[in-house]
Every structure is written in C-alpha cells, then in structure tokens.
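Positions are given from 1 along the sequence. Because only heavy atoms are used, hydrogens play no part in the values below, and waters and symmetry mates are left out as well, while side chains stay in.
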Amino acid sequence: MSEPAITARQAPPWRRRTAAVLRRLLGAVAVFWAVATFTFCVQSLLPGDRAEMMLNVASGTLVQASKAELAAVNARYGFDQPLSVQYLRYIEALPRGDFGVSYQTHRPVRDMIAEQIRPTILLTASALVLAWVIAIVVTVTTAGRPGRLSRFIGGVQVATAVAPPYWIGTILLVVFAVRLRLFPVEGDNGLPGLVLPAAALAIPLSGFLGQVIREEFSRVLEQPFVTTARMRGMGDTGVRLRHVLRHAALPGVTLSGWAVGALFSGAAVIETVFARPGIGGLLVAATSSRDIPLVTGIIVASAGIYILANLLVDLAYPIIDPRLRAR
C-alpha cells in the first residue's frame with residue numbers, strides 16, 4: 001500500500017513559505033498583466049486615428065495629413081499591423097520597460113518617466129514614513145487611556161482622515177511658506193522643499209492609519225499577555241512599545257500597500273500645488289496634449305509600483321508577526 005500523499009499542512013515550513021511567496025509573485029504578475037491589457041485596450045479603442053493625432057500633436061495644430069504621411073507614421077509605429085500583433089509586441093516590450101514613444105516629444109516614454117519619477121517616489125516614501133511616525137506616536141501615547149485628551153485626539157484623527165490633501169497643502173503653503181516664510185513656496189529645494197508637500201500627504205493618511213491602529217491597540221491592551229507583562233514589572237511604555245504595538249500595527253501594515261497607491265495619485269495634485277517636479281506635472285501635461293503613450297506609460301508604471309508595494313507588504317507579515325511563519 002502506497003504512503004499517503006503529504007498534505008500542505010504536513011509539508012516542511014520552508015516549502016510552505018516558498019509556495020506562499022510563489023503564489024504572491026504569480027498573483028502580482030497576473031494583476032500587472034491585467035492592468036497592462038486594460039490600458040492597451042483603452043489606448044486602441046480611443047476614437048480618432050492615432051497617426052493623424054501624432055501629426056497634429058507634433059505640428060501643434062490641426063492638419064489635413066496626406067495618405068502618404070499617415071502611411072509613413074503607421075508603418076513606423078506598427079499601427080498598420082493587426083491588433084493582436086500590436087498587443088503581443090506591447091506585452092513583450094513591458095518587461096524591458098518599453099512603453100513606446102511620446103507623441104509630442106518623440107522620445108521614449110521610459111526615459112521621460114525615469115527623469116521625473118524620482119521626486120515623486122521620494123515624496124511618496126517621505127509621506128508614508130511621516131504618516132506612520134505621527135500615527136504611532138499619537139496612538140502609543142493616547143490609545144486606551146481614559147480622559148478628554150484621548151477622545152479629542154481620536155476626533156482629530158477622524159477629521160484629518162477625511163481632509164483632502166490639496167486643502168491641507170494649501171493651508172500649509174499659506175501659513176508656513178507665505179506668511180511665516182519658514183519653507184520655500186515652490187520648487188524642489190532639497191529637504192526644506194520636501195517638508196510641506198510630505199506633510200500635506202502624510203496628515204490625512206496618519207489620521208486613517210491612526211484610527212485603524214488605535215482600535216486594534218485598545219483591543220490588544222486587554223489581552224492576557226499584556227497583563228502578564230505588567231505583572232512581571234514592565235512599565236506601561238515598555239508594554240505598549242514592545243508587546244502591544246507589534247500586534248496592533250498589522251492592520252496598518254495591511255493598509256500601507258493601499259496607501260502607496262493613494263499617496264502616488266495624491267502626489268500628482270500636491271506636486272501641482274507646490275510646483276514641484278515629478279510624475280504629476282508630467283501626467284497633467286501629457287493629458288492636456290493627448291499624449292496617449294505617455295499617459296498609459298505613467299499609469300502602467302504607477303500600477304507596477306503599487307503592485308510591488310503590496311507584494312512587499314505581504315512578504316513583511318511574517319517578519320512583523322513571527323506567529324505567521326508557522327502557518
């Protein structure tokens with residue numbers, strides 16, 4: 001009689017973890033493929049002739065192009081090929097970061113995005129870190145404590161969570177840049193020029209993260225292991241930082257993957273408010289000029305960053321909570 005097959009539960013822990021990582025990687029690839037396919041369909045189904053649109057954008061006015069001019073553009077960019085061939089070429093080029101050529105500048109979209117994405121990534125990462133710092137400090141010091149201050153802080157977190165980033169950015173700009181002149185009004189001036197834009201994005205996110213962490217923090221404070229830690233003589237601050245925060249942070253970590261996408265899209269507006277370089281200004285210019293390859297390239301690149309962030313969050317769970325490693 002043959003031995004029973006080894007079930008997923010009976011498999012060695014390293015094999016289960018490897019299988020879980022592979023599933024997440026395949027899921028990320030599938031989502032990215034779906035986003036890329038959607039953007040290709042939108043690009044292909046938009047009304048109007050793409051070759052004529054490129055000629056109009058290049059000339060800056062509406063022109064009546066000849067058949068020879070249209071045929072030359074169609075042959076150069078492969079628009080005369082069947083849609084299935086265009087799709088396969090589009091998907092094949094994505095792993096190389098090839099998003100096509102801009103209608104307006106006739107430069108590779110990849111190069112244009114690479115020139116502008118660094119300030120946006122820096123702004124997004126700074127806002128995410130600042131939001132976490134604010135949420136953790138406020139939660140650890142006030143959650144689970146009776147009194148008016150704790151209730152007031154909870155109300156402030158609710159108010160900031162629903163506040164639009166551009167509204168907060170405008171207030172910060174007027175108060176700290178125009179009136180107090182503590183920070184530059186516009187442009188990328190190193191760290192001083194990053195503070196207000198990052199704060200404008202971080203304040204609403206910190207309120208949202210703070211609410212989620214606060215609720216879980218209060219629940220964990222009532223768990224038996226917290227009482228045991230206190231009975232062993234550990235102080236309140238030590239209990240909150242060493243034991244409670246690790247468990248309470250997991251829901252916030254789950255939201256961090258979503259937060260990267262929200263911050264990345266919000267950065268486009270904030271970059272406009274503070275006149276900062278970045279992908280936001282590039283997207284606005286591409287949209288106004290109907291530069292379809294550049295718009296779709298930015299969308300696909302942003303989706304890739306969002307998917308990567310969610311994948312890293314999934315892989316970070318066992319590091320934050322060791323109990324998950326045994327599952």
Determine, using the 4.5 Å side-chain heavy-atom cutoff (strictly less than), whether [X] and [Y] are members of one ILVMFWY cluster.
| X | Y | answer |
| --- | --- | --- |
| Val195 | Ile171 | yes |
| Ile134 | Val156 | yes |
| Val138 | Leu149 | yes |
| Trp33 | Ile307 | yes |
| Leu194 | Val175 | yes |

Tell me the closest heavy-atom pair linking [X] and [Y], and the distance in Å.
| X | Y | answer |
| --- | --- | --- |
| Ile168 | Ala163 | CD1-CB, 3.7 Å |
| Ile279 | Phe264 | CG2-CE2, 4.1 Å |
| Leu172 | Ala200 | CD1-N, 3.7 Å |
| Thr296 | Thr39 | CG2-O, 4.1 Å |
| Ala127 | Ala198 | CB-O, 3.7 Å |
| Pro95 | Glu92 | CD-O, 3.3 Å |

For the residue pair [X] and [Y], establish whether any side-chain heavy-atom pair is separated by less than 4.5 Å.
| X | Y | value |
| --- | --- | --- |
| Val35 | Tyr306 | no |
| Val101 | Val109 | no |
| Ile305 | Ile117 | yes |
| Glu115 | Leu282 | no |
| Leu221 | Arg240 | yes |
| Phe217 | Ile136 | no |

Exercise for review: Pick out which of Ile298, Ile299, Ile113, Leu294 makes a side-chain contact (heavy atoms from CB on, under 4.5 Å) with Phe99.
Suggested key: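 Checked Ile298, Ile299, Ile113, Leu294 against Phe99; only one passes side-chain contact (heavy atoms from CB on, under 4.5 Å): Ile113.
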
Review point. Does any donor atom in the side chain of Thr37 or Tyr87 lie under 3.5 Å from an acceptor atom in the other side chain?
Key: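 There is such a pair (donor and acceptor under 3.5 Å, judged by atom type) between the side chains of Thr37 and Tyr87.
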
Point to revise | side-chain hydrogen bond (donor to acceptor under 3.5 Å, both in side chains) partners of residues 195-217, not counting sequence neighbours, each pair once | key: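 Of all non-adjacent pairs touching residues 195-217, those that pass side-chain hydrogen bond (donor to acceptor under 3.5 Å, both in side chains) are Thr142-Arg214, Ser150-Arg214, Glu216-Arg219.
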
**Study point:** Where at least one partner belongs to residues 159-180, residue pairs that pass side-chain hydrogen bond (donor to acceptor under 3.5 Å, both in side chains), sequence neighbours excluded
**Key:**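 Sorted pair list comes back empty.
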
Determine yes or no for a side-chain-to-main-chain donor-acceptor pair under 3.5 angstrom, with [X] supplying the side chain and [Y] the backbone.
| X | Y | value |
| --- | --- | --- |
| Thr139 | Ile213 | no |
| Ser126 | Leu123 | no |
| Gln116 | Gly278 | yes |

Review point. Does Ser102 have any side chain to side chain donor-acceptor pair (under 3.5 Å) partners at least two apart in sequence or in another chain, and if so, which?
Key: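 So Ser102 forms a side chain to side chain donor-acceptor pair (under 3.5 Å) with Thr105, Asp291.
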
Point to revise | Flag if over 12 foreign heavy atoms under 6.0 Å of CZ, Phe225 | key: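 Yes, the 6.0 Å shell around CZ holds more than 12 heavy atoms from other groups.
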
Check your understanding: Is the number of heavy atoms from other residues, nucleotides or ligands within 6.0 Å of CZ (Arg96) greater than 12?
Key ->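 Check passes, neighbour count above 12.
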
Review point. To the nearest 0.5 Å, what is the distance between CG (Leu25) and CZ (Arg23)?
Key: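 It is 11.0 Å, given to the nearest 0.5 Å.
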
Review point. Parallel, tilted or perpendicular for Phe176 and Phe183, by the 30°/60° rule?
Key: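 Ring orientation of Phe176 relative to Phe183: perpendicular.
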
